[in-house]
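Have a look at the structure below before the remarks.
Chain naming here is simple, since letters A, B, ... match the order of the sequence lines and numbering starts at 1 in each.
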There are 4 protein chains.
Amino acid sequence: MASVSDTLPHKRERRKQDRPGELLEAALDLFVEKGFAATRVEEVALRAGVSKGTLFLYFPNKEDLFKAVVRENVVHPVNQGAAELAQFQGKTGELLEWMMLQWWRRYGATKASGISKLIMSEASNFPDLATFFREEVIKPADAMVRSVLQRGIDQGEFRPVNVDLALHSVMAPLLFLVMWKHSMGPCCPTSEQIDPEAFISQHAQLLVRGLSNS
Amino acid sequence: MASVSDTLPHKRERRKQDRPGELLEAALDLFVEKGFAATRVEEVALRAGVSKGTLFLYFPNKEDLFKAVVRENVVHPVNQGAAELAQFQGKTGELLEWMMLQWWRRYGATKASGISKLIMSEASNFPDLATFFREEVIKPADAMVRSVLQRGIDQGEFRPVNVDLALHSVMAPLLFLVMWKHSMGPCCPTSEQIDPEAFISQHAQLLVRGLSNS
Amino acid sequence: MASVSDTLPHKRERRKQDRPGELLEAALDLFVEKGFAATRVEEVALRAGVSKGTLFLYFPNKEDLFKAVVRENVVHPVNQGAAELAQFQGKTGELLEWMMLQWWRRYGATKASGISKLIMSEASNFPDLATFFREEVIKPADAMVRSVLQRGIDQGEFRPVNVDLALHSVMAPLLFLVMWKHSMGPCCPTSEQIDPEAFISQHAQLLVRGLSNS
Amino acid sequence: MASVSDTLPHKRERRKQDRPGELLEAALDLFVEKGFAATRVEEVALRAGVSKGTLFLYFPNKEDLFKAVVRENVVHPVNQGAAELAQFQGKTGELLEWMMLQWWRRYGATKASGISKLIMSEASNFPDLATFFREEVIKPADAMVRSVLQRGIDQGEFRPVNVDLALHSVMAPLLFLVMWKHSMGPCCPTSEQIDPEAFISQHAQLLVRGLSNS
DNA sequence: CATGAATGAGTGTTCATTCAT
DNA sequence: CATGAATGAACACTCATTCAT
């Protein structure tokens with residue numbers, strides 16, 4: 001006899017199963033907002049609606065909670081855009097600017113980018129996370145950018161610059177914006193804020209002009 | 001025969017004069033290595049070869065110790081660079097590349113650049129430090145870059161781009177290198193290391209070409 | 001057979017409920033014995049049979065612990081006394097003497113009166129505590145005395161003296177006894193001890209006679 | 001050959017001889033103002049114009065400095081007034097009020113009274129000081145007051161009250177004023193200040209009326 | 001004698017972690 | 001499983017006291 005709880009678990013049970021997920025979610029918010037050291041485990045537990053002791057039932061200590069948060073929330077911002085990118089018809093210069101703006105809108109501007117800032121900040125204390133991040137995020141992203149630049153060169157639109165270096169000319173401003181957004185940004189008066197899209201546009205255009213073969 | 005004390009100050013005195021410098025050096029090391037919050041003042045003192053109490057004889061509190069470290073290792077270099085910059089004769093394009101390379105050689109490549117990474121990492125937890133850094137370091141540096149770009153525009157060498165945005169096209173790659181150096185870098189195999197000067201050179205040239213009026 | 005846990009709460013729970021009271025009692029002892037500044041919170045905790053951290057579970061800081069001690073041991077008794085006072089029927093002269101004796105028996109003669117001595121001793125170093133004490137203890141007590149004196153005047157029993165000054169003719173001897181008890185008293189040979197109730201009685205009678213309209 | 005320094009010592013030498021005195025003076029001010037615990041020996045030394053180390057040349061530790069300050073500065077407020085008192089012709093009631101006012105003007109209102117407050121405050125930590133103070137100050141003062149009261153009784157002006165108790169009716173308000181002046185007083189708004197002479201006058205008159213034989 | 005640099009034991013307070021219930 | 005009371009090791013900062021010069 002199939003009881004209700006087989007298909008639609010009671011609230012209690014559903015929550016129980018979700019405990020780790022809810023804790024990870026709460027921890028993500030707080031770690032991103034405050035960093036590792038300044039986040040108190042009790043606050044994480046409270047935000048997840050459980051007691052402090054319960055958190056330690058699921059994660060043996062704060063460090064492991066942190067690592068789980070990072071591993072769980074690292075987003076692969078490449079996968080989504082790669083397909084669209086491949087279909088793009090038109091000048092590579094326009095593609096480059098479009099790609100950078102898309103990266104910002106879909107990733108840099110979202111909460112998810114907080115995890116990148118977090119990793120950059122804490123990498124030296126958690127080397128394994130840094131390695132993990134490099135493999136999962138940086139390498140694919142670099143490859144994508146590299147392919148776009150190579151496309152421009154192959155099509156004769158760009159000069160044959162050193163692609164391995166040029167890709168950082170593309171990524172650095174984006175990462176800079178992410179870092180800024182999560183560090184100095186909140187401390188700055190509005191008059192000193194940076195308009196991300198305006199900056200990306202102008203930077204992309206400078207880059208394309210700098211790369212162009214004319 | 002002149003005694004030692006005629007030419008060299010007494011041990012006590014000599015040490016006394018050296019104390020602030022020794023403490024600042026130890027503090028720089030530890031702040032860069034562990035961040036502001038995770039650095040314990042006692043460890044700074046011990047590394048400088050004195051007791052905890054002695055540190056507070058020279059710096060009233062941890063925050064002021066940090067500010068002194070910043071002044072010694074970041075503010076001074078930037079100011080020195082600015083002075084040399086003013087004497088530069090020649091094309092602004094060359095000046096820009098030279099400035100970026102100098103920034104790297106004199107600051108980015110040194111231990112002191114860890115301070116910038118630290119600020120980026122912990123600004124949100126220590127708003128006072130962030131404000132201090134913005135006023136003492138970022139604003140002067142931005143003004144310097146802005147003046148170079150404006151020089152190029154005024155001399156007709158650069159197009160009249162938005163200087164407030166372009167300035168980040170100059171700084172972002174430098175800060176990216178610093179972040180990289182102090183976070184992901186140490187975890188990367190040598191094959192994936194970035195050659196900072198080669199990157200800066202190429203980026204500067206892309207930028208100059210992108211800015212140029214021809 | 002009903003188990004113990006049916007009638008008595010579990011050891012943990014019982015202790016938990018008792019904690020604040022035990023801490024307040026230990027704190028009263030030590031504050032009175034050593035003063036505010038010289039009392040270490042850890043010693044309070046230890047005397048209450050808990051660790052230092054536990055104290056901060058119940059009181060956010062040393063100052064609030066002290067305020068709680070004052071509320072428990074000074075404010076409450078004063079308020080209770082005031083209530084009984086209101087019900088008093090009879091001559092104001094008798095009321096005055098009765099009030100002074102009650103004040104002594106219920107407060108002055110107890111450990112709690114050490115708080116008044118402590119405040120007199122340390123007020124200048126802890127202005128916040130002084131203000132707190134003035135608002136919570138002195139003002140209500142003064143108001144009570146003032147109302148009694150006014151009652152005597154209104155009923156024609158007392159001459160219309162300056163009530164704001166006369167109030168100190170009532171309080172000063174009481175505070176003098178408290179100061180004496182907690183400072184010089186313990187150092188005096190028994191032959192020189194003051195008999196508090198005899199003194200209060202005679203002083204009250206002198207006062208009433210001095211105030212009386214006959 | 002009598003050199004100048006025999007009669008008028010050089011500033012240097014004079015100061016050297018006065019060192020202990022200057023230290024005691026500086027210490028008096030600070031102990032009275034802040035109490036024993038809150039007074040820092042360095043501040044005492046600075047105010048006396050010497051270095052911290054020098055203070056320990058003259059006083060082996062803080063406690064002994066404190067005791068020296070007290071012993072040195074305890075004033076015998078009786079001696080001066082006793083002679084005048086003996087010559088007083090007229091009603092004892094007037095004598096009593098005059099004596100109380102004089103005590104206040106010549107002692108209570110001066111800095112010297114700070115030492116009484118200090119002793120009352122710290123007596124429990126320095127029992128030997130309390131004993132010393134009792135012998136040197138309290139006993140003579142009590143004797144004087146007692147003699148005045150006895151004079152009133154002997155002359156038939158006062159009723160035969162218990163003189164050993166009544167003397168506290170005289171002293172308590174005076175000591176209360178001293179304590180108030182050095183503790184709560186400075187923390188109170190001007191509207192709540194006590195006018196010492198007005199209070200003493202009214203209290204003395206209440207007392208005299210209470211004592212009088214009519 | 002005098003200095004003041006140096007010390008280190010202590011203070012209030014925080015917080016990750018444990019464990020009896 | 002879940003709780004939350006309890007712990008104790010840190011940490012920044014203070015200050016009486018010492019001692020080489």
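- When Watson-Crick and G-U wobble pairs are counted only if both distances are under 3.5 Å, F:dC11 pairs with E:dG12.
- Nearest nucleotide to the side chain of A:Lys52, out of E:dT13, E:dT17, F:dG4: E:dT17.
- Comparing A:Ala37 and C:Phe56 along DNA chain E, the residue whose closest nucleotide (by nearest heavy atom) sits nearer the 5' end is C:Phe56.
- Going from atom CD of B:Glu42 over to atom P of E:dT7 covers 11 Å, rounded to whole Å.
- Comparing F:dC13, F:dG8, E:dT13 by their nearest atom to the side chain of B:Asn61 picks out F:dC13.
- With distances taken from any side-chain atom of D:Lys62 to the nucleotides E:dA16, F:dA12, F:dA16, the minimum falls on F:dA16.
- In this structure, B:Glu43 atom CD and F:dA9 atom C1' are separated by 16 Å, rounded to whole Å.
- Where A:Glu63 and B:Leu55 each meet DNA chain E at their nearest nucleotide, the meeting point lying more 5' is that of B:Leu55.
- The base-pairing partner of E:dC1, taking Watson-Crick or G-U wobble contacts with both distances under 3.5 Å, does not exist among the strands shown.
- Put simply, NZ on C:Lys34 is 13 Å from P on E:dG10, counting in whole angstrom units.
- Note on C:Arg47 versus C:Glu22: no salt bridge recorded, every NZ/NE/NH1/NH2 to OD/OE distance being 4.0 Å or above.
- Partner of B:Phe66 under the side-chain contact (heavy atoms from CB on, under 4.5 Å) criterion, chosen from B:Asp128, B:Thr39, B:Ile115: B:Ile115.
- We find that CG of A:Leu65 is positioned 16 Å from P of E:dC15, with the value rounded to whole Å.
- Note: CZ (C:Phe59) to C1' (E:dG12) measures 16 Å, nearest angstrom.
- In this entry the distance linking CG of B:Leu30 with P of F:dA12 reads 12 Å, nearest Å.
- Side chain of D:Arg40, nearest nucleotide from F:dA12, F:dT18, F:dC15: F:dC15.
- Distance check: C:Asp29 CG to C:Glu43 CD gives 10.5 Å after rounding to the nearest 0.5 Å.
- Using a 4.0 Å heavy-atom cutoff across all strands shown, D:Val41 reaches at least one base atom of the nucleic acid.
- For the pair D:Leu46 CG and E:dA2 P, the computed distance is 16 Å after rounding to whole Å.
- A salt bridge does not link C:Arg71 with C:Asp64: every distance from a Lys NZ or Arg NE/NH1/NH2 to an Asp or Glu carboxylate oxygen is 4.0 Å or more.
- Taking the P atom of each, E:dC1 and F:dT21 are spaced 22 Å apart, rounded to whole Å.
- Picking from F:dC1, E:dT3, F:dG8 the nucleotide with the shortest atom distance to the side chain of A:Leu57 gives F:dC1.
- Nearest-nucleotide positions on DNA chain F place C:Thr54 closer to the 5' end than the other of C:Thr54 and D:Gly53.
- For the atom pair CD1 of C:Ile119 and SG of D:Cys187, the computed distance is 9.5 Å after rounding to the nearest 0.5 Å.
- Put simply, OH on B:Tyr58 is 12 Å from P on E:dG4, counting in whole angstrom units.
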